Amino acid sequence: MTILEVKKLTKSYGKFTAVDSVDFTIEQGEIFGFLGPNGAGKTSTINMLTGLSRPTSGAITLSGVDCVKNIKQAQRRIGIVPDESNLYEEMNGFENLSFCASLYGMAKAKRERRAGELLEEFGLDGTGKKPFKAYSKGMKRKLTIAAGMIHDPEILFLDEPTTGIDVENARQIRKLISTLNANGTTIFLTTHYIEEAERLCHRIGFIVGGKIVKIGTIAELMSEAQRENIVQFALENEVSSLKETLSNEFPGFTIDVLDNAGVKIHSPETVNLMPFMKFFDQHRITVHEAKIIRPSLEEVFVKVTGIGMDKLKKEKEGGKR
Amino acid sequence: MNSSIAFWNIFHKDLRNYYFKPPNISWGIIFPIAWALMFFLRSRNTLDIRDLLPGVIAMAVLFGTTSLLSVTLNFERKSRSFERLLLAPIDSNLLMLAKTIGAIAFGIINAFVPIIFAAFLADLSGINWLNVLGSIVLIAVTSTFLGLFISVTAHEVFEAQTYSNFFRFPMLFLCGLFIPVSQLPVVLRPFSYLLPLTYGTDILKTAIHGNGLIPIWISFLVLTGFSLALFWLSTRNIKKKWIY
């Protein structure tokens, strides 16, 4: 069932178009990833979806509610975790959660019970009385996610949830996201970490220059990029002298002999390993390993968007994870 | 949804996080105490104290409300915690009322600092306390909404404070607090009548020593008008500038 439908969504600032006629849907119970480099339009999109900015044009429907006309009605159903923690430094973890619950009209007893539950669920129960300003970055992010979940939203918007966080906390946050989703929360996740999107998301949309250039499940995105089948053999010896023989023996295949005692077979069809194994056996060459080479999501992203690996790497380094 | 829960919790949070903090208490309470002492001790007789009381009350309310509101709004905006309020399912008018009621209450409390001092130093009998209270409330509301209007225009706390001074200080000299409007140069008098504090001070003067210039009902009406207009302009600017 579709929970969020976005049609021709556009945001312009003067002559600059940050989001350009974007269309997508999010199904109930899925994690939808919005993947793109910095400045691609991810945060501008999330701001329009959550009511922090007004679309220049287009439509957003959340569970049948028109978010452009009735954003306050829609905001009851959504949870938001911004890219930077925006809780109150002076208040402790428990007070922050309890205050956030009050913004959704929850009565005192109910909001205090819910705050306690979430602190426990997010592994912060020992720190509930600590002021927010004394939290580590990872703890701050976890509490901000808990605050986004305080009113049991139908959909949770997570904007770059692991950016600027150390590896261990990033791992814990990814686990939390998976658990929240397993418990039934639909998640909209923006990230510029490809491996994070690959690990967490059911479907991914690539956004570049304010436009969605591709949407699909990981399998769909991979299969489209994988125009050929590649099998790589790791051999005992270097076999450059056999390249011609191999090419003559297997005319339908493109064969690369690798420097490090390996052979790469390219084919538009699925590669049957047995004829190759027999060939190496006949030539008394021991095969240590044979593996199917699949393109990574990073390669797919580069192929689809035309954005170089260098730029992505720079952004990853910029993320200071 | 029960919006009143959100309203009271925003108000309560602001009181705890900002208004009840020692630096703000010192600004809010000690500042009017200092003014009251400064003016009253220099007065030659108790009549002077009654004469000065409207001015000191108005100053305490004006500075208390406008100074703290810029802190609560611009500071929260800078730290992005204000976004949390904008993203909550609360009507923007109710949200801004919740954010400003703390400043209004703070201004009203400030007003009583000079009154308490004056009570020890002068005879305050014969004062129309109902009109004094009405005037204090309306000055607090108008000043708060003026502070809100300025804060929405500014990006930083210091910017809001600076802009506030452009309004506060000319207002003090033109509203008849220290120099009666009738004694101001003719060219400046029309400006006096464009300032909300002129009407607030005039009600206080009428209530305390009976020498106000403007009929009291006109002053109440004009102050209410200023409050509504400033609140409307501010919320419109918030919707325009902060939900961009």
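Since this is a predicted model, take the numbers as computed values, not measurements. Per chain, numbering begins at 1; letters A, B, ... match sequence-line order. Worth knowing before you read on, the calculation uses all heavy atoms, side chains too, and leaves out hydrogens, waters and symmetry mates.
Contact of A:Glu89 with chain B is not made at all, since no heavy-atom distance falls under 4.5 Å. In this structure, no portion of A:Lys108 lies under 4.5 Å from any heavy atom of chain B. Using a 4.5 Å cut-off between heavy atoms, A:Arg111 touches chain B through its side chain atoms alone. Residue contact with chain A, scored on non-hydrogen atoms closer than 4.5 Å, is absent for B:Leu95.
Heavy atoms of other residues, nucleotides or ligands lying less than 6.0 angstrom from OH of A:Tyr13 number more than 12. Atom NZ of A:Lys72 is surrounded by more than 12 heavy atoms from other residues, nucleotides or ligands within 6.0 Å. Taking a 6.0 Å sphere around CD of A:Glu27, one finds it holds more than 12 heavy atoms contributed by other residues, nucleotides or ligands. The neighbour count for B:Leu130 CG, taken as heavy atoms of other residues, nucleotides or ligands under 6.0 Å away, does not exceed 12. Crowding of B:Phe220 atom CZ: a count of heavy atoms from other residues, nucleotides or ligands under 6.0 Å exceeding 12. Atom CZ of B:Phe11 has more than 12 heavy atoms from other residues, nucleotides or ligands within 6.0 Å.
Applying side chain to side chain contact (heavy atoms under 4.5 Å, CB included) to A:Leu103 and the options B:Ile10, B:Ile5, B:Asn9 leaves one that passes, B:Ile10.
In this structure, A:Glu90 does not pair ionically with B:Lys21, as no charged nitrogen and carboxylate oxygen lie closer than 4.0 Å.
Contact check for B:Leu87 versus A:Leu52: side-chain heavy atoms found under the 4.5 Å cut-off. Residues B:Glu83 and A:Ile80 fail the side-chain proximity criterion, which asks for heavy atoms closer than 4.5 Å. Between B:Arg84 and A:Thr144, some side-chain heavy-atom pair lies under the 4.5 Å cut-off.
Of all residues in residues 74-82 of chain B, those placing a non-hydrogen atom less than 4.5 angstrom from a non-hydrogen atom of chain A are B:Phe75, B:Glu76, B:Ser79, B:Arg80, B:Ser81.
To the nearest 0.5 angstrom, B:Arg16 atom CZ is 10.5 Å from A:Phe99 atom CZ.
What you find for A:Arg76 and B:Pro89 is that their closest heavy atoms are CG-CB, 3.5 Å.
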